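Shown next, in structure tokens, is the structure this report addresses.
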Amino acid sequence: MDKLKRVLSGQDEGNNDETGIIERANQVSTLAWGTRMKGFIVCFVLGIVCSVLGSCMLWIPRVGLAVFAVLYSVGNVSALASTMFLIGPCRQLKTMCAKERALATVIMMVCLVLTLCAAFWWKNNGLALLFCVLQFLAFAWYGLSYIPFARDGVMKLCSMCV
């Protein structure tokens, strides 16, 4: 458990690739482990609540789609940002841009922007829902990249179903 705490808090001795300003910023802005867990839980729960609340607002006439798009997108960003409490913002951005997660990250961010565009500028309900589904799938694929062999298992399961 102590090793997990050291790795997630960035204090693992095996990772010394950060130098200079970034390292000093991380040292100054470190939070206690309990504070990190509380921040993670609050941010993650807030993300889930926003997404669920947005889904409930979808059925309100005239303004439902716009409220849904905003709350659902804010929920996804909040859930994604929650892990920054565990590993720090610099390391989070590095892991998001790692080769195994880069495509899912780009698709998720593009779909997030397109969801908002479809709801506010294009006023197209079908496109907004499509981009929300794609956003969810990209976020799930991104999350699966953190679990060893999870993506392979999902792909094998899908190939068995087809």
Side-chain angles (χ1 to χ4, degrees), residues 4 7-10 25-26 29 31-162:
L4 177 64
V7 168
L8 289 176
S9 65
N26 280 338
S29 65
L31 298 172
W33 179 252
T35 306
R36 286 176 182 248
M37 287 304 293
K38 289 174 191 171
F40 166 75
I41 291 169
V42 166
C43 205
F44 189 74
V45 168
L46 182 66
I48 291 173
V49 167
C50 282
S51 295
V52 170
L53 186 60
S55 298
C56 294
M57 298 292 174
L58 181 62
W59 310 111
I60 295 175
R62 287 177 281 168
V63 296
L65 179 65
V67 173
F68 164 72
V70 169
L71 286 176
Y72 188 80
S73 297
V74 166
N76 274 349
V77 169
S78 180
L80 181 65
S82 67
T83 56
M84 288 187 190
F85 283 101
L86 296 177
I87 62 175
C90 294
R91 194 162 166 207
Q92 171 71 17
L93 291 174
K94 285 180 183 177
T95 60
M96 285 175 67
C97 297
K99 70 175 186 162
E100 63 271 4
R101 294 180 192 94
L103 181 62
T105 301
V106 168
I107 291 172
M108 184 174 56
M109 295 301 171
V110 167
C111 286
L112 189 142
V113 170
L114 290 175
T115 299
L116 296 174
C117 288
F120 288 112
W121 286 286
W122 304 328
K123 307 261 191 236
N124 190 328
N125 297 356
L127 274 180
L129 288 174
L130 174 68
F131 291 136
C132 281
V133 169
L134 292 175
Q135 187 178 339
F136 171 79
L137 292 174
F139 190 66
W141 194 250
Y142 171 83
L144 286 174
S145 71
Y146 285 98
I147 304 168
F149 306 109
R151 285 181 169 181
D152 294 333
V154 169
M155 288 183 358
K156 187 171 184 175
L157 180 70
C158 290
S159 68
M160 288 173 45
C161 292
V162 174

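Computed from a predicted structure; not experimentally measured.
- C50 and V74 make their closest contact through SG-CG1, 4.3 Å (heavy atoms, listed as atom of the first residue, atom of the second, distance).
- Residues passing the side chain to side chain contact (heavy atoms under 4.5 Å, CB included) test with V110, sequence neighbours excluded: V106, L114.
- Residues that satisfy the side-chain hydrogen bond (donor to acceptor under 3.5 Å, both in side chains) test with S145, not counting sequence neighbours, are R101.
- Residues satisfying the side chain to side chain contact (heavy atoms under 4.5 Å, CB included) test with V133, not counting sequence neighbours, are L137.
- Residue pairs satisfying the ring-ring contact (aromatic ring centres under 6.0 Å, His included) criterion with at least one member in residues 41-68, sequence neighbours excluded, are listed as follows: F40-F44, F68-Y72.
- Partners of T83 according to the side-chain hydrogen bond (donor to acceptor under 3.5 Å, both in side chains) rule, which considers only residues two or more places apart in sequence or in another chain, are Q92.
- Using a 4.5 Å heavy-atom cutoff, the side chains of L71 and S51 are not in contact.
- Judged purely by atom type and a 3.5 angstrom limit, S82 uses its side chain to pair as donor or acceptor with the backbone of A79.
- Looking at residues two or more places apart in sequence or on another chain, you find no side chain to side chain contact (heavy atoms under 4.5 Å, CB included) involving A140.
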Exercise answer: donor-acceptor pairs, residues 60-67 side-chain atoms, under 3.5 Å, sequence neighbours excluded:
none

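- You'll find the side chain of L93 stays beyond 4.5 Å of the side chain of C97, heavy atoms only.
- For residues 106-140, no residue pair satisfies the ring-ring contact (aromatic ring centres under 6.0 Å, His included) rule, not counting sequence neighbours.
- Residue pairs meeting the side-chain hydrogen bond (donor to acceptor under 3.5 Å, both in side chains) criterion with at least one partner in residues 153-162, sequence neighbours excluded, are absent.
- The side chain to side chain contact (heavy atoms under 4.5 Å, CB included) check on V77 picks up L112, with sequence neighbours excluded.
- At least one donor-acceptor pair closer than 3.5 Å links the side chain of S78 to the backbone N or O of C43.
- Legend: ring-ring contact (aromatic ring centres under 6.0 Å, His included) pairs involving residues 143-162, not counting sequence neighbours, sorted by first then second residue: Y142-Y146.
- Among residue pairs with one or both ends in residues 103-113, none qualify as side-chain hydrogen bond (donor to acceptor under 3.5 Å, both in side chains); sequence neighbours excluded.
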